[in-house]
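Notes follow once the structure below has been shown.
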Amino acid sequence: MKHRILSVAAALGLASTIMLQPAYADIGVGYVYVGAKTDGGYNQAQDAGRLEMQKAIPGAKTNALENIPENAQVSQAMQRMISTGDKVIFATSYGYLPYALDLAKQNPKVVFMHCGGAKLAPNLGTYFADMFEAMYLSGIAAGKAATNGKIGFVAAHPIPQILQDINAIELGAQSVNPKATVTVVYTGSWNDPSKDVAAVNTLADQGVQVIGVHVDSPIAVIGAAQKRGIKVIGYHFDDMKFDPQGWLTGGYWDWGPIMTQVVKEVEAGTWKSQPVFGNLKSGAAKLAPFGPSVDAATRTQIMDKKKAIEDGKLNVWSGPIYSQDGKLLVPAGSTLPRPQVDSMDFFVKGVIGSLK
Amino acid sequence: MTFDLLIGLLSVALLTATPVLMAMLGETLTQRAGIINLGVEGQMLVGAAAGFAATHSSGNPWLGLLVGAAAGLMLSTVHALLCLQLGVNQIASGLALMFLGNGLSSYYGTPLVGQQIDGFTNMAQGSLAQLPLIGHFLAQLTPTVYLGFVLVVLCGIFLYRTQWGLIWRAAGESADALHMLGRHPGLIRLVAILIGGAFSGLAGAALSVDYTRTWVEQMTAGRGLLAVGLVIVARWNPWLVLPVALIFGLSEALSLRLQSTGADISPYLLGTLPYVVPLIVLLLSYRASQRGTAMPQELAGVFRGMA
Amino acid sequence: MTLSNLQGISSRLTVPVIGAAVFLVLAAGFFYANGYAPLDIFGQILQGAFGNAFSINTTLTKTIPILFCALATALPARMGLVSVGAEGQLYFGALIGTAIVLHWTAAPLWQLLPAALLLTLLGGACWGAIPGMLRAGLGVNETIVTILMNYIGIQLVEYAVYGPWKDAGNLGWPATIAFPDSAKFPVINIGSLSSNWALPLAILIALALHILVEKSRWGTGLSLLRSNPRVAKLAGLSYPQQVIAIMAIAGSLAGLAGYVQTANVQSHLQPDISSGYGYVGFLVAWLAGQNFLRIIPVALIMGGLLSAGDALQLMAQIPFSSTLILQALLFISVLSVSAWQQKRRNAA
């Protein structure tokens with residue numbers, strides 16, 4: 001008898017607790033970063049998204065694990081976050097994909113969001129944004145700023161996203177200076193400030209006057225460029241404060257809205273696995289603020305082009321586009337098909353560098 | 001045109017090589033006294049973190065170098081304690097130091113990530129830059145490069161031209177002989193370890209305060225461990241430290257330069273150059289000189305007395 | 001139990017027990033000084049290393065490459081060679097083993113796995129033999145050669161996965177195609193514990209090496225070569241031959257670590273197949289006093305420490321770098337106590 005009363009009371013208590021929960025209860029959201037969240041680059045951009053989402057959804061409890069390399073360790077890291085009750089995991093680095101896919105299979109009740117991936121699963125979605133539009137616009141600024149037409153680029157590795165950035169800068173620069181060239185040097189590492197500085201110096205010795213960059217944290221490159229007196233195009237994050245005189249413009253991510261949307265949908269139970277793509281228009285890949293050295297005429301020109309891209313009137317990959325060795329890849333009047341953009345494996349004419 | 005090319009390569013090489021050079025000098029002095037310290041990497045890292053932190057809060061890069069050297073020295077006391085006082089095997093102790101320095105610098109360096117400092121005033125505006133022909137080259141160099149040159153000279157003179165240098169070398173060749181002279185090899189070895197620590201810390205600070213002006217975990221990327229090995233390539237001779245470090249720096253500068261000319265070679269294969277070239281130099285030097293006569297005898301003893 | 005038995009056992013236990021005690025004190029001091037409750041942290045480390053099936057499996061996974069690399073360090077050390085090359089041998093062995101997997105992907109398990117392992121052993125052996133040959137032929141110090149070759153080995157793997165072996169279907173991510181199950185060590189499942197056959201293989205090799213080196217004539221020869229090369233020569237032992245052989249065997253063991261990481265843990269060849277296991281293996285070999293039996297439990301402890309690292313970061317908000325500090329403190333503690341005991345013995 002007593003046993004019965006107790007169990008009924010327990011059931012009633014439990015039921016009332018459930019019913020009295022606010023609609024958006026504490027939802028655990030986990031983040032895994034490949035580097036430090038204060039790096040002034042890729043990871044800080046992801047973390048900025050987390051902070052924005054946190055503000056927009058006060059009931060969300062976020063966890064962040066930093067410096068998790070792109071190997072099996074990330075499996076263990078994500079597994080541990082799931083075991084503490086996280087319901088959404090943001091795997092913010094490209095190399096986390098196979099591990100995220102595996103864990104998604106083992107944890108069907110958890111939603112995974114992978115940054116930059118091309119593979120989906122019932123409970124794994126992807127999010128990314130095209131930065132090459134902002135790079136095209138930055139290329140215009142670079143083409144104007146480089147009086148001798150020489151632009152340089154410090155790249156980590158030859159992967160499609162980076163090739164897109166380089167090609168876009170070249171195309172943008174060419175549109176205002178047909179003689180513009182982009183020289184590429186790879187550091188072979190996402191995060192090696194020493195190599196970054198050596199690369200900048202090497203490029204500066206070749207006479208480049210503007211530097212673009214795509215490594216995880218652009219701070220070392222910006223500093224080295226400042227020392228050599230050359231201008232810089234930023235990436236991932238708005239780092240103008242590190243070199244106000246040399247800063248032209250650049251691209252930076254704004255992941256907050258996407259992340260907030262995802263978490264809201266998960267809470268409401270309406271989330272579906274799909275690739276979420278952002279670009280200049282949607283605001284996920286923004287053009288960075290102009291530095292003081294960009295004159296008014298150039299600014300107007302860039303903003304006009306920006307509007308044209310956003311209105312769909314200008315496509316960065318519209319022909320004619322020639323490859324590095326002079327072959328016509330995209331004839332005038334047509335555009336590069338999307339799959340070839342995603343798997344880009346060529347350099348356009350005017351880019352000096354190896355594809356290996 | 002080729003003159004500019006060579007000058008450019010040289011300046012990039014010198015900038016890259018300077019931290020390695022300073023670490024090598026310290027370790028040369030240490031090994032000359034008969035001690036090997038594999039912990040140079042850890043000492044460089046704590047020096048880099050501490051130096052960066054000091055410069056960030058004070059705005060004075062020279063202070064940063066000093067604090068970095070002090071940090072490296074403090075860490076090296078662990079090696080001294082383990083090896084000299086307790087008799088722990090030097091290889092093992094050094095490697096433990098590598099882990100410790102790595103861990104400590106990463107741990108306490110977390111708030112430093114994403115910061116930038118001004119470093120030394122740009123020498124491109126200085127008077128040296130106005131010199132004809134080499135002015136452009138000199139403008140690229142930074143104060144730590146010059147400091148490195150000075151240190152090479154000081155170490156070379158010390159080791160080969162002073163009474164103390166003689167005693168120092170004797171400590172590395174035979175502790176017994178030193179006893180007979182009434183000197184204390186233990187004391188010399190202690191000083192050797194501490195000086196090595198200071199140099200490594202200075203090297204790390206040069207890397208963070210001067211060269212990159214940022215801080216990132218594990219930013220030395222193995223250069224400290226490499227420096228210990230390169231000491232052997234330089235035959236334990238401070239005068240040879242400069243050319244050997246320069247060879248390393250030139251290999252890296254060359255691999256980057258080849259890339260920037262559009263050469264269709266994989267950057268990763270080019271990336272093996274900074275390690276293959278010293279290896280070849282090492283082999284050549286071993287063939288040229290007689291086997292093992294240059295290694296301080298007490299040091300050879302460390303390698304023989306394993307396990 | 002006679003008194004001398006007890007004394008024998010207690011003297012052998014002194015180092016591990018007192019060493020562990022010193023470590024706990026130092027570690028507690030570090031945590032306390034940084035505002036953490038040491039006992040809480042220790043509890044979480046234990047939890048993260050051995051607290052549940054997931055933790056134990058993670059620990060076992062990390063123990064395998066550490067064990068192989070420790071063996072790859074200890075064997076040359078028995079001959080007086082200081083090899084820091086396990087990291088590079090790990091990468092190069094994995095590289096060569098991957099080659100056959102990529103070319104023979106459809107082969108069945110009983111063909112593919114042995115072939116891959118054989119090539120891995122060969123690859124690692126080559127990478128180890130080179131410093132051995134340089135030492136034997138020219139007298140070049142093997143420490144510096146192995147250090148340099150570590151970096152070269154890593155670069156070669158990067159070249160392969162960013163270049164000719166990159167899986168085009170992965171949109172630029174630097175990795176080969178996924179390894180088929182027929183290329184992986186078969187899994188062992190006992191209850192909720194899960195590992196693979198590389199673990200018993202590593203343990204068996206450790207035992208075999210122990211017996212060979214401690215008990216056989218060859219092992220005695222090694223000792224002699226280290227302590228008294230002249231007498232060894234008179235006894236007919238060839239220093240150059242033994243150096244090359246030992247370094248080659250060591251290299252092949254480290255190569256196996258690379259293969260396990262690539263095939264079973266990562267399922268692809270990619271740039272980061274090792275989290276510094278070569279250097280951790282070096283630490284373990286030293287902690288165990290180059291004793292092949294003792295290496296096994298010490299490797300397990302290190303595996304546990306590394307496994308707990310993630311747990312610490314998540315639960316206690318302590319950065320992963322704290323595990324490096326703990327490893328170093330452990331190493332320093334045990335080294336100090338061991339050396340101190342040695343001194344006492346010598347003085348007695």
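Residue numbers begin at 1 in each chain, while the letters A, B, ... track the order of the sequences.
Note that OG1 of B:T144 and CG of B:D210 are 3.5 Å apart. Values are rounded to the nearest 0.5 Å. To the nearest 0.5 Å, the span separating NE2 on B:H56 from CZ on B:R213 amounts to 12.5 Å. Interatomic distance, B:S200 OG to B:E27 CD, rounded to the nearest 0.5 Å: 7.0 Å. To the nearest 0.5 Å, the span separating NE2 on A:H214 from OG1 on A:T187 amounts to 10.5 Å. Here the OH-CZ distance, from A:Y42 to A:F237, works out to 14.0 Å after rounding to the nearest 0.5 Å. Note: B:T212 OG1 to B:I117 CD1 = 8.0 Å, rounded to the nearest 0.5 Å.
Proximity to chain B is limited to the side chain of A:L203, based on heavy atoms less than 4.5 angstrom apart. In this structure, the portion of B:T16 lying under 4.5 Å from any heavy atom of chain A is its side chain and not its backbone. For B:A263, the part lying under 4.5 angstrom from a heavy atom of chain A is the backbone only. Residue contact with chain A, scored on non-hydrogen atoms closer than 4.5 Å, involves the side chain of B:Y268 exclusively. A:T183 touches chain B through its side chain: at least one heavy atom from C-beta onward sits under 4.5 Å away, while N, CA, C and O do not. The contact between A:N67 and chain B is made entirely by side chain atoms (from C-beta outward), counting heavy-atom distances below 4.5 Å. With a 4.5 Å cut-off on non-hydrogen atoms, B:L270 does not touch chain A at all. For B:V113, the parts sitting under 4.5 Å from any heavy atom of chain A are the backbone and the side chain alike. Neither the backbone nor the side chain of B:Q218 has a heavy atom closer than 4.5 Å to any heavy atom of chain A. Only the backbone of A:V184 comes within contact range of chain B, with at least one heavy atom under 4.5 Å from a heavy atom of that chain. Residue A:A224 touches chain B through its backbone alone, counting heavy-atom pairs closer than 4.5 Å.
Heavy-atom pairs under 4.5 Å with chain B peak, among A:A36, A:G41, A:S194, at A:S194. Taking chain B as the reference chain and counting heavy-atom pairs below 4.5 Å, the highest number among A:I219, A:N201, A:V208, A:D39 is found for A:I219. Ranked by heavy-atom pairs under 4.5 Å with chain B, the first of A:G223, A:G40, A:P158 is A:G223. Of the listed residues (B:L256, B:T261, B:T214), the one with the most heavy-atom contacts under 4.5 Å to chain A is B:L256. Contact count against chain B (heavy-atom pairs under 4.5 Å) is highest for A:R228 among A:R228, A:K195, A:Q44. Interface remark: of the candidates B:G8, B:S260, B:P111, B:S260 forms the most heavy-atom pairs closer than 4.5 Å to chain A. When the candidates A:T202, A:L355, A:I352 are compared by the number of heavy-atom contacts under 4.5 Å with chain B, A:T202 comes out ahead.
Using the six-membered ring where Trp is involved, A:W255 and A:W253 have ring planes that are parallel, under 30° apart on the 30 and 60° scheme.
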Exercise for the section: Could you give me the CA-CA distance, side-chain angles and deciding distance for B:N60 and B:S58, then say whether side chain to side chain donor-acceptor pair (under 3.5 Å) is met? Expected result: CA-CA 5 Å; B:N60 184 341; B:S58 71; 5.6 Å; no
Give the C-alpha distance, both sets of side-chain angles, the deciding distance and a yes or no for salt bridge (Lys or Arg N to Asp or Glu O under 4.0 Å) between B:R257 and B:E252.
-> CA-CA 9 Å; B:R257 174 61 71 102; B:E252 191 167 286; over 6 Å; no
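In this structure, A:W190 has its ring center under 6.0 Å from that of A:H157.
Side chain to side chain, A:Y33 and A:D47 meet the donor-acceptor criterion of an N or O pair below 3.5 Å.
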